[in-house]
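All remarks here apply to the structure that follows.
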There are 2 protein chains.
Amino acid sequence: MVETTADSDLLDLRKGRPAAGQDPVKRAQIIEGARRVFIDKGFEAASMNDITREAGVSKGTIYVYFANKEELFEALIEEERGTIFKNMYEVLDHFDDLRKTLVKFGTVLSAKITSAKVIQAQRTVVGASDRIPELGARFYERGPKRGHDKVMVFLNEAVERGLLKIDDVDLAAYQFTELCLAGLFRQCIFSYRTKAPSQAEIEHVVRSGVNVFLKAYGTEKLAAEERASESA
Amino acid sequence: MVETTADSDLLDLRKGRPAAGQDPVKRAQIIEGARRVFIDKGFEAASMNDITREAGVSKGTIYVYFANKEELFEALIEEERGTIFKNMYEVLDHFDDLRKTLVKFGTVLSAKITSAKVIQAQRTVVGASDRIPELGARFYERGPKRGHDKVMVFLNEAVERGLLKIDDVDLAAYQFTELCLAGLFRQCIFSYRTKAPSQAEIEHVVRSGVNVFLKAYGTEKLAAEERASESA
DNA sequence: AATATTTCGAACCAAGCGGTTCGATTTGCA
DNA sequence: TGCAAATCGAACCGCTTGGTTCGAAATATT
């Protein structure tokens, strides 16, 4: 063809209709299908035909919304990350009783991260980040990392109030998180545990973890306050 | 064919030759090729042709040694696990100075688990355990789990010596391990860290972790001993 | 040198892959 | 109702997959 018709250029001139690949409902439908397939099979084993089937959307349409398999996967992970870490840190927002707050937050954190659904999602991300490292990095940065920052802010406030004495708050925040998980995460992600830990077990782990943490970092002022409220 | 010759049945009657698929050198050669491909690409993305190429062994021969892709992968992981966790716990065998021993062991543990090679292997296992849960479970059970048991034995001895006071030794062992990793494992496995942590960083983390651990579980006797050896 | 057996390597299989194309069909606004 | 746009769905592309087969070549023991 020597001359191209102007048609392709005119495609951008639209009426009030949603542009191609812009319908949020269709998009959500595709991602929902992708979720089932990707989470179930992992990135490599999942096929676009599977997703087509699962989403109930034609292959052509999927390629209107997403350039390729990788882009679709990334969009899914981004969404998963959003829902996983949503509403997880608000318990840290109002500073009440230090120990109670730590236990409450630790319980939520530990339960969330070790839940079957979330573990499966994380497994998928880990598996994929072998070939797409940026994906894993982005997931961590916008997920766990943000949580870590929230914990740091909280710990800093506790330090300022003289309840904790911490040299390296950054490190202490990691220690707190890991104490709340205490091996559960690793057991789950390696499928050594096939079921998520029970609420009772999580509370046991977290309570002990907070104990360790406060014994290491709690000040005399904290101890005094706890004695006071205990005798009350 | 109506009649089968007896040839196939006579195959078992061998002379002094190594039986088919029994040469340990060839086997090692195949696994070495498989390692490069599987670790690099993950289970799904790796192809038997890649392994054929990388191992310098014909496809037919590989199928003499291993029934299929999955069995080859499992053999590889089993070997990897063996080399990873070998010679890791002997520092716990002779009970010397408690703090020093914990720091030394923690450093070895943390360095090993977060090393680039081992992280990549673990990522591969995690990715695969989505589809082959038994594989991840077996890896954990014969790797990290055994280490955990060694730590428990060590901690129990410290308790008996009156240096530590621990209610739940099982949980405490997990706490110790996690304190030594303090987020490093999660950062590495999600590719948030692309390089393994430096020796200095690991030592900093471990020293702090041991500090926390001993503040929580150390007895007065331990404190007295440490004061004594410090003033000496 | 003769012999038994392992290994090689190429060919073959049906199946599925990601990706793309395009005319038919459905959809929904004017 | 008319019409433009979004969606559908099937077909097609070249390529790779895991797995298998088999005669030729290499190998070592007798």
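Just so it is clear: chains get the letters A, B, ... in the order the sequence lines come, proteins before strands, and each one is counted from 1.
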Query raised in the report: Between B:Phe66 and B:Phe73, is the gap from one ring center to the other below 6.0 Å?
Result: no
Closer than 4.0 Å, any side-chain N/O of [X] to the OP1 or OP2 of [N]?
| X | N | result |
| --- | --- | --- |
| A:Asn49 | C:dG16 | no |
| A:Ser47 | C:dG16 | no |
| B:Lys26 | C:dC8 | yes |
| A:Thr61 | D:dC8 | yes |
| B:Tyr65 | C:dT6 | no |
| A:Tyr63 | C:dG19 | yes |
| B:Ser58 | C:dG9 | no |

Return the value, rounded to whole Å, for the distance between atom [atom1] of [X] and atom [atom2] of [N].
| X | N | atom1 | atom2 | value |
| --- | --- | --- | --- | --- |
| A:Phe66 | C:dG18 | CZ | P | 16 Å |
| A:Arg131 | C:dG18 | CZ | P | 11 Å |
| A:Ile62 | D:dC8 | CD1 | P | 9 Å |
| B:Met48 | C:dC12 | CE | C1' | 17 Å |
| A:Gln29 | D:dA6 | CD | C1' | 13 Å |
| A:Lys41 | D:dT17 | NZ | P | 18 Å |
| A:Asn68 | C:dT21 | CG | C1' | 17 Å |
| A:Lys69 | C:dG16 | NZ | P | 15 Å |

Query - Sugar-phosphate, base or nothing in reach of B:Ala46, heavy atoms under 4.0 Å - result: sugar-phosphate
Query - Atom of B:Ser191, atom of A:Pro133 and distance for their closest heavy-atom approach - result: CB-O, 3.6 Å
Requested in this report: Assess whether one donor atom and one acceptor atom, taken from the side chain of A:Lys59 and the base of C:dG19, lie less than 3.5 Å apart.
Outcome: yes
Report task. Quick one: sort the B:Tyr140 and A:Phe190 rings into parallel, tilted or perpendicular, breaks at 30° and 60°. Result -> tilted
Query raised in the report: Where does the angle between the aromatic ring planes of A:Tyr89 and A:Phe105 fall among parallel (under 30°), tilted (30 to 60°) and perpendicular (over 60°)?
Result: tilted
Query raised in the report: What do you reckon, is NZ of B:Lys150 surrounded by more than 12 foreign heavy atoms closer than 6.0 Å?
Result: no
Report summary line: Ranking A:Gly60 and A:Asp50 by the position along DNA chain C of their nearest nucleotide, the one closer to 5' is A:Asp50
